[in-house]
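Throughout, protein chains are lettered first and strands after them, A, B, ... in sequence-line order, and every chain is numbered starting at 1. Both backbone and side-chain heavy atoms feed into the values below; hydrogens, waters and symmetry mates do not.
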2 protein chains.
Amino acid sequence: MHAQAAAKIELQSYLPRQSPSPAFDGATLNPVSFFQAGTEIYAQGEKAGALYQVEFGAVRIYRLLADGRRQISAFHLAGETFGFEADATHHFFAEAINATGVRVFRASGTDMSRQLLPLALKGLTRAQEHLLVLGRQNAIERVAAFLLDMSERQGGLRQVDLPMSRNDIGDYLGLTIETVSRVFTRLKEKGVIRLVSLRSIEVLKREALLAMGE
Amino acid sequence: MHAQAAAKIELQSYLPRQSPSPAFDGATLNPVSFFQAGTEIYAQGEKAGALYQVEFGAVRIYRLLADGRRQISAFHLAGETFGFEADATHHFFAEAINATGVRVFRASGTDMSRQLLPLALKGLTRAQEHLLVLGRQNAIERVAAFLLDMSERQGGLRQVDLPMSRNDIGDYLGLTIETVSRVFTRLKEKGVIRLVSLRSIEVLKREALLAMGE
DNA sequence: CGGGAAGTTGATATAACTCAAGGTAGGTGG
DNA sequence: CCACCTACCTTGAGTTATATCAACTTCCCG
């Protein structure tokens, strides 16, 4: 299912060229780890304990049912932090969507709860808001809410990058790939969005999206 | 929609009879606030800052869409803590489901992030797991997962209290009340559960529930 | 015991899924 | 640099799970 082309580029580390932006005080300024498109960052059941900050690229966090059904609980874009766990075990999978750079922080040693709490709470609010989307909104509303969210997280510009596939979007919104595709088509027909390319849209009528998103 | 019988019993406070179990070090041992069935504990948009521990009864946390659609993101039973927010504002409503006693802690002053973080992370994991249920499971699977969750949180006994209405269950699982009712009937017919009363079930075949719940 | 809220059951409607067949685009090798 | 190849995406037709609408029943609470 999540097969990927044989990895030819090996995982590597390097020291940053640009001004480093450590997510936490007291954390060692670790090097950046590279992950190829489709590669695993951590797996459900693995020992947890580190935190991850996306330098570039995008990451999907997901869970699987026994029969292969997948629910993506979150996407993480550049600048965002993920990997928190309630205990010492990962309860989810994390995969690079595209070629992605991730800075890994060991949470051990110094007490970082003061810095982690706001991030955890932000994630909690996000997840709870997503529950409303999955529980009570229809396909158009889900896609509208998703596009608005992606837009906001990219600075609210008209043009929005969608680093993930339609399949990923479907698994995030609790829809099939076909339904996602049909909704995109409908939004195009209505003149609400324009497809710059498959992975990039332009928001033409933000108001209309907002009206749909809730 | 969420109308309630005119409140005759006023909100009151008292000092606990039983051994107090403060949720946090350094927190004043506040009195317990009473809430009648259906009354609001806090509202979306209100100023946040306090934490709430359920002494007895049950609480629902929810959000509304403009047209009245409701998504309950969590139920909180005796002993559980809620009210965390990422900023100074409540993003959700909290209501007492039944007559409920809640101990309120002001989070101000001492730094409680060390104690709060695990609770926030627990909530985050819970919410993310619920996303899988809403996004990818069918009606039977949702109800099975819900009953198992309620059972676990009540010590895993055969008999499980359901303090909430079918309507609440529907709004938690992203289903209509009718669908919830039909699933209960199916589970009864299959001999998986037995209805002791409307608000109390007995789990007869835990294995079958587990097989359905995922 | 009566009344009203809550729950159940039935019939029908519909949004989204499934299955299937093209189409498109982006990357690779010739 | 072009053409092919393969992933990904789109579109269509038919199916299905759940919603909706409606009537009836049961359980409490006063």
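- Remark: the Arg158(A) side chain and the Ser151(A) side chain contain no N/O donor-acceptor pair separated by less than 3.5 Å.
- If you take CG of Asn138(A) and P of dA17(D), they are 21 Å apart, rounded to a whole angstrom.
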>> Please determine whether side chain to side chain contact (heavy atoms under 4.5 Å, CB included) holds for the pair Arg69(A) and Arg63(A), giving the CA-CA distance in whole Å, both sets of side-chain angles, and the decisive distance to 0.1 Å.
In response: CA-CA 8 Å; Arg69(A) 280 175 289 176; Arg63(A) 242 187 139 154; over 6 Å; no
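- Met164(B) has its CE atom 11 Å from the P atom of dG7(C), to the nearest Å.
- dT20(D) and dA11(C) make up a base pair, with Watson-Crick or G-U wobble contacts both under 3.5 Å.
- Rounded to whole Å, the distance from CG on Leu195(A) to C1' on dT10(D) is 11 Å.
- Rounded to an integer number of Å, the gap from CD1 of Ile177(A) to C1' of dG23(C) is 14 Å.
- Positionally, the nearest nucleotide of DNA chain C for Ser181(B) lies more toward the 5' end than for the other of Arg186(A) and Ser181(B).
- In this structure, Thr179(B) does not reach the dT18(D) phosphate: none of its side-chain N or O atoms is under 4.0 Å from OP1 or OP2.
- Judged by distance alone, with hydrogens and angles left aside, Arg182(B) brings a side-chain donor or acceptor within reach of the base of dT20(D), the pair sitting under 3.5 Å.
- Side-chain nitrogen and oxygen atoms of Ser197(B) include none within less than 4.0 Å of the OP1 or OP2 phosphate oxygen of dC27(D).
- One finds a side-chain N or O of Arg199(B) lying less than 4.0 angstrom from the OP1 or OP2 phosphate oxygen of dG7(C).
- dA23(D) adopts an anti glycosidic conformation, its chi angle falling more than 90° from 0.
- Among the heavy atoms of the strands, none lies under 4.0 Å from Gly170(A).
- Atom P of nucleotide dA6(C) and atom CZ of Arg166(B) are separated by 12 Å, given to the nearest angstrom.
- Between the C1' atom of dT18(D) and the CD1 atom of Ile140(B) lies a distance of 12 Å, rounded to the nearest Å.
- Residues Ser200(A) and Ser197(A) have side chains that never bring a donor and an acceptor to within less than 3.5 angstrom of each other.
- dA7(D) is unpaired under the Watson-Crick or G-U wobble criterion, no partner having all donor-acceptor distances under 3.5 Å.
- There is a side-chain donor-acceptor pair under 3.5 Å between His90(B) and Glu85(B).
- Of the side-chain N and O atoms in Thr176(B), none sit less than 4.0 angstrom from OP1 or OP2 of dT18(D).
- Between the CD1 atom of Ile193(A) and the C1' atom of dT10(D) there is a distance of 14 Å, given to the nearest Å.
- Comparing Arg136(A) and Asn167(A) against DNA chain D, the residue whose closest nucleotide sits nearer the 5' end is Asn167(A).
- Of the candidates dG7(C), dA20(C), dG10(C), dG10(C) carries the atom nearest the Glu178(B) side chain, counting heavy atoms from C-beta on.
- A side-chain donor from one of Tyr62(B) and Glu95(B) sits under 3.5 Å from a side-chain acceptor of the other.
- Leu175(B) has its CG atom 16 Å from the C1' atom of dG7(C), to the nearest Å.
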